[in-house]
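Computed from heavy atoms alone, side chains included, the values below leave out hydrogens, waters and symmetry copies. A note on names: the letters A, B, ... follow the listed sequences, proteins ahead of strands, and every chain is numbered from 1. Predicted, not measured: the structure shown is a model, and the values here were computed from it.
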Amino acid sequence: MTIQIYNTLTRKKEPFIPLEEGKVKMYVCGPTVYNYIHIGNARPVIAFDTVRRYLEYRGYDVTYVSNFTDVDDKIIKAANELGEEVGELTDRFIAAYFEDVSALGCSKADVHPRVTDHIEDIVQFVKVLIDKGFAYESQGDVYYRTQKFEGYGKLSHQSTDELKVGARIEEGIKKENPLDFALWKAVKVGEISWESPWGLGRPGWHIECSVMAREHLGDTIDIHAGGQDLTFPHHENEIAQSEAMTGKQFARYWMHNGYINIDNEKMSKSLGNFVLVNDIRKQIDPKVLRFFILSVHYRHPVNFSQDLVVSAENGLARIRTAYNNLKHRLATSADLGDQKDIWNYKVNEIKNNFELAMDDDFNTANAIASVFELSKLANVYLVEKNTQSDVLKHFIHTFDGLMTVLGLPMDEETGLLDEDVETLIEERITARRNKDFKRSDEIRDELKAQGIILEDTAQGMRWKRG
RNA sequence: GGCGGCAUAGCCAAGCGGUAAGGCAUGGGUCUGCAACACCCUUACCACCGGUUCGAUUCCGGUUGCCGCCUCCA
């Protein structure tokens with residue numbers, strides 16, 4: 001079955017057919033780097049990292065580009081307030097971004113272009129738009145002439161008349177039409193700026209993505225993604241710019257993720273109700289956060305609260321425990337060569353359901369349900385007295401594959417125990433053998449206080465950190 | 001005002017024409033020296049009112065409530 005993607009452009013799920021067979025060009029709008037990212041910013045990074053992983057799992061060669069907006073009003077303001085150079089500030093938060101996002105299990109993009117590295121390309125692009133009549137200079141600014149672009153509004157499904165009602169009117173004097181937006185902004189006193197045919201200035205916000213997407217992926221890209229709030233005006237404007245430039249379709253599939261809410265309200269930097277990834281990941285296992293976010297379909301809102309995260313934590317622990325129990329059992333199992341087909345068949349069936357879920361517009365909620373079913377099946381299998389190494393390995397291999405798609409690779413309980421802990425464990429084993437349960441329980445409690453949980457199983461004792 | 005989304009068990013969340021996946025939590029049982037892990041059992045008049053249909057949680061119309069975009073924003 002082909003992958004179905006909900007395309008904002010058509011408001012329908014469509015079969016995913018990349019422009020070039022086997023290859024996917026993907027562009028995801030990245031952050032404006034003037035602060036640490038909050039978990040709302042992290043959602044698209046996680047969601048589309050997962051999309052990318054699944055496409056790769058399905059054999060596609062994905063080229064993934066995600067930009068940094070490293071010059072803009074908010075950055076300039078923040079730099080001024082902190083008495084820092086714009087470049088220093090953005091370097092700092094880009095580094096922080098990579099740390100945060102990698103903790104959340106997101107791979108780096110193939111390219112992370114920065115606006116300030118593309119000023120010359122942007123100037124050239126704007127020049128052409130002016131030449132083509134799609135843009136005009138006005139008092140050192142350059143604006144996009146939205147009236148001239150026939151498809152304006154096609155992504156947000158609004159007619160220009162409807163949009164006009166809500167359009168902001170300040171700066172209206174400089175614009176021919178309130179819907180027009182800035183491609184180039186004339187410098188204000190003390191601001192960072194670059195030379196251009198229209199004098200000193202800097203790029204507008206929307207132009208960067210058109211330019212960098214084209215620069216790194218070409219005229220037409222397969223998937224363009226970002227948060228729901230970017231649909232209008234940002235993505236709408238990108239389409240206007242790029243398609244006016246090339247005369248070709250800019251992006252074939254537009255994907256937009258839903259928000260993360262706090263108390264049922266959008267989390268945003270401007271509302272001030274945000275939770276920084278940098279803070280929260282020190283309190284909560286970042287993988288739990290990822291798991292939590294993926295437990296809801298990417299287009300639906302996620303409500304964030306401590307209770308819900310705890311519930312996600314318990315859920316993920318169930319999966320991890322099942323996996324670790326499989327590994328533990330492997331040590332005492334051999335290949336018996338019988339009955340394995342039934343179990344392998346069931347495992348494959350679950351894997352298949354996982355793929356069907358992901359095929360259906362990356363339904364990670366259902367995909368995770370499949371992983372829970374796999375955990376259940378594994379646990380049921382582990383109840384059997386005689387387990388076979390082949391079956392266990394098939395379970396483990398399947399877990400590894402599916403969890404890698406979700407960006408939640410299973411890590412084993414590794415690391416060695418301290419010598420004195422080892423000694424205590426030895427002592428406990430002897431105590432239990434002698435039915436000295438008092439001493440045995442003492443040791444178990446003592447180690448538990450140190451964060452080491454001992455479990456006695458039919459296949460011997462095992463420990464885990466908890 | 002325009003465009004759009006959502007309303008499913010105590011909580012979270014899939015499903016979207018054939019009387020409801022999964023998870024968390026709760027209660028009861030089994031396993032265990034006791035635990036832990038695990039297993040079994042247990043819980044839904046799918047917001048409301050109409051309509052279409054043999055049949056609707058699922059489609060259509062309406063009502064109510066919540067949320068978002070239209071302004072920087074993931």
Side-chain angles (χ1 to χ4, degrees), chain A residues 8 11 28-32 34 37-48 69 72-74 77 153 156-159 161-170 179 205 225-234 236 256-261 264-271 274 291-292 295-297 299-303 305 307-319 321-322 324-325 328 353 357 360 363-373 375-376 378-383 432 435-438 440-441 444-445 448 453-458 461-464 466:
Chain A
T8 308
R11 286 185 177 165
V28 179
C29 284
T32 301
Y34 66 102
I37 58 164
H38 62 245
I39 57 175
N41 296 308
R43 164 110 104 147
V45 187
I46 292 169
F48 300 118
T69 299
D72 114 306
D73 289 340
K74 289 184 299 261
K77 191 171 164 237
S156 50
H157 301 273
Q158 296 266 314
S159 73
D161 289 344
E162 287 157 358
L163 286 168
K164 226 178 260 185
V165 180
R168 83 161 149 185
I169 41 170
E170 24 168 326
L179 285 182
W205 173 39
Q228 226 161 51
D229 46 356
L230 296 184
T231 308
F232 190 89
H234 188 239
E236 194 72 62
H256 293 97
N257 65 273
Y259 303 121
I260 287 186
N261 295 150
N264 235 11
E265 236 186 8
K266 178 181 172 180
M267 175 182 303
S268 77
K269 286 180 184 170
S270 37
L271 286 177
F274 53 85
F291 180 77
F292 170 63
S295 68
V296 180
H297 184 91
R299 281 191 281 117
H300 293 176
V302 171
N303 214 24
S305 80
D307 287 355
L308 295 176
V309 170
V310 167
S311 143
E313 190 166 30
N314 292 339
L316 183 58
R318 176 179 167 78
I319 293 167
T321 302
N324 288 327
N325 289 352
H328 181 253
N353 286 336
D360 183 15
N363 194 329
T364 52
N366 277 338
I368 286 173
S370 289
V371 177
F372 276 117
E373 270 159 23
S375 307
K376 171 71 155 213
N379 288 332
V380 168
Y381 183 61
L382 288 170
V383 168
R432 287 193 77 228
K435 305 254 186 263
D436 181 0
F437 296 123
K438 187 168 173 280
S440 160
D441 290 351
R444 188 169 62 195
D445 291 344
K448 193 180 177 188
I453 295 167
L454 301 185
E455 297 178 349
D456 303 311
T457 76
M461 192 220 76
R462 69 177 171 229
W463 63 272
K464 65 181 180 188

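If you check rA74(B), rC72(B), rA14(B) against the side chain of Lys74(A), the one that comes closest is rC72(B). In this structure, the nucleotide among rC11(B), rA14(B), rC24(B) sitting nearest to the side chain of Ala365(A) is rA14(B). Ranking rG2(B), rC11(B), rA74(B) by closeness to the Ile260(A) side chain, first place goes to rA74(B). Side-chain atoms of Asn314(A) lie closest to rC24(B) of the nucleotides rC24(B), rG15(B), rG22(B). The side chain of Asn257(A) has rA74(B) as its nearest neighbour among rA74(B), rC72(B), rG15(B). Listed nucleotides: rG68(B), rC34(B), rA74(B). Nearest to the side chain of Asp441(A): rC34(B). Nearest nucleotide to the Val296(A) side chain, out of rA74(B), rA13(B), rC3(B): rA13(B). The nucleotide whose nearest atom lies closest to any side-chain atom of Phe232(A) is, among rA21(B), rC69(B), rC3(B), rC69(B).
Closest approach of Trp463(A) and Leu454(A) over heavy atoms only: CB-CD2, 3.6 Å. Smallest separation of non-hydrogen atoms from Asn257(A) and Phe48(A): OD1-CE1, 3.5 Å. The two residues Val302(A) and Val296(A) make their nearest non-hydrogen contact at CG2-CB, 3.7 Å. Shortest non-hydrogen contact noted between Ala322(A) and Leu382(A) is O-CD1, 4.3 Å. Taking every heavy atom of both residues into account, Leu230(A) and Cys29(A) meet most closely at CD1-CB, 3.6 Å.
Here Gly40(A) lies in heavy-atom contact (under 4.0 Å) with a base. Among the atoms of the strands shown, only primed sugar atoms or phosphate atoms (P, OP1, OP2) are found under 4.0 Å from some heavy atom of Glu265(A). At the heavy-atom level, Phe292(A) lies nowhere under 4.0 Å from the strands shown. Residue His38(A) is in base contact, counting any heavy-atom pair closer than 4.0 Å across all strands shown. Residue contacts shown for His300(A) are limited to sugar-phosphate atoms, with no base heavy atom under 4.0 Å away. Within 4.0 Å (heavy atoms only), Leu382(A) reaches no atom of the nucleic acid at all. Contact annotation for Asn264(A): backbone-only contact, meaning every heavy-atom pair under 4.0 Å involves sugar-phosphate atoms and none involves a base.
Using C1' as the reference atom, rU71(B) and rC3(B) are 16 Å apart when rounded to the nearest Å. rA56(B) and rU8(B) have their C1' atoms separated by 14 Å, given to the nearest Å. Nucleotides rG5(B) and rG23(B) place their C1' atoms 24 Å apart, quoted to the nearest Å. The same atom, P, is picked in rC31(B) and in rG17(B); the two are 46 Å apart, to the nearest Å. Taking atom C1' in both rG22(B) and rG15(B), the straight-line distance is 11 Å, to the nearest Å. Straight-line distance between the C1' atoms of rA9(B) and rC67(B): roughly 23 Å, to the nearest whole Å. Atom P of rU58(B) sits at a distance of 14 Å from the matching atom of rG50(B), rounded to the whole Å. When the C1' atom is compared between rG10(B) and rG51(B), the two are found 35 Å apart, to the nearest whole Å.
For the pair Arg462(A) and Asn324(A), the minimum side-chain heavy-atom distance is 4.5 Å or more.
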### Query
Reading nucleotides 35-44 of chain B from the 5' end, what letters show protein touch, with B for base, S for backbone sugar-phosphate only, - for no heavy atom under 4.0 Å?
BBSSSS----
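Remark: P of rC34(B) and NZ of Lys435(A) are 11 Å apart, rounded to the nearest angstrom. Put simply, NE2 on His157(A) is 10 Å from P on rG5(B), counting in whole angstrom units. Following rounding to the nearest Å, Asn303(A) (CG) and rC66(B) (P) show an atom-to-atom distance of 15 Å. Between the P atom of rC72(B) and the CG atom of Asp73(A) lies a distance of 10 Å, rounded to the nearest Å.
By the stacking rule of 5.5 Å between ring centres and under 30° between planes, Phe437(A) stacks on the base of rG33(B).
Of all nucleotides present, only rG62(B) satisfies the Watson-Crick or G-U wobble test against rC48(B), with each distance under 3.5 Å. Using Watson-Crick or G-U wobble geometry with both donor-acceptor distances under 3.5 Å, rC39(B) finds its partner in rG29(B). The partner of rU53(B), taking Watson-Crick or G-U wobble pairs whose two distances both stay under 3.5 Å, does not exist in any strand shown. Nucleotide rG1(B): paired with rC70(B) (Watson-Crick or G-U wobble, both distances less than 3.5 Å).
Dashed line: the shortest gap from a side-chain N or O of Lys266(A) to OP1 or OP2 of rC69(B) is under 4.0 Å. For the pair Arg299(A) and rG5(B), the criterion of a side-chain N or O lying under 4.0 Å from OP1 or OP2 is not met. In terms of phosphate contacts, Asn366(A) brings no side-chain nitrogen or oxygen within less than 4.0 Å of OP1 or OP2 of rA14(B). Taking side-chain N and O atoms only, Asn363(A) has a distance below 4.0 Å to OP1 or OP2 of rG15(B).
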#### Entry: Derivation of the salt bridge (Lys or Arg N to Asp or Glu O under 4.0 Å) call for Lys448(A) and Asp445(A)
CA-CA 5 Å; Lys448(A) 193 180 177 188; Asp445(A) 291 344; over 6 Å; no
### Message
Let's go through Met267(A) and Tyr259(A) carefully: what are the C-alpha distance in whole Å and the side-chain angles of both, what is the deciding distance for side chain to side chain contact (heavy atoms under 4.5 Å, CB included) to 0.1 Å, and is it a yes or a no?
### Response
CA-CA 7 Å; Met267(A) 175 182 303; Tyr259(A) 303 121; over 6 Å; no
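Each of Ser295(A) and Arg432(A) lies near RNA chain B, and the nucleotide nearest Ser295(A) is the one positioned closer to the 5' end. Mapping Gly258(A) and Arg11(A) onto RNA chain B by nearest heavy atom places Arg11(A) closer to the 5' end of the strand.
Under the ring-ring contact (aromatic ring centres under 6.0 Å, His included) criterion, Tyr381(A) pairs with Trp343(A), Phe395(A), sequence neighbours left out.
For the atom pair CD1 of Ile260(A) and CD1 of Ile46(A), the computed distance is 7.0 Å after rounding to the nearest 0.5 Å.
Asn325(A) and His328(A) share no donor-acceptor pair across their side chains, judged by distance under 3.5 Å alone.
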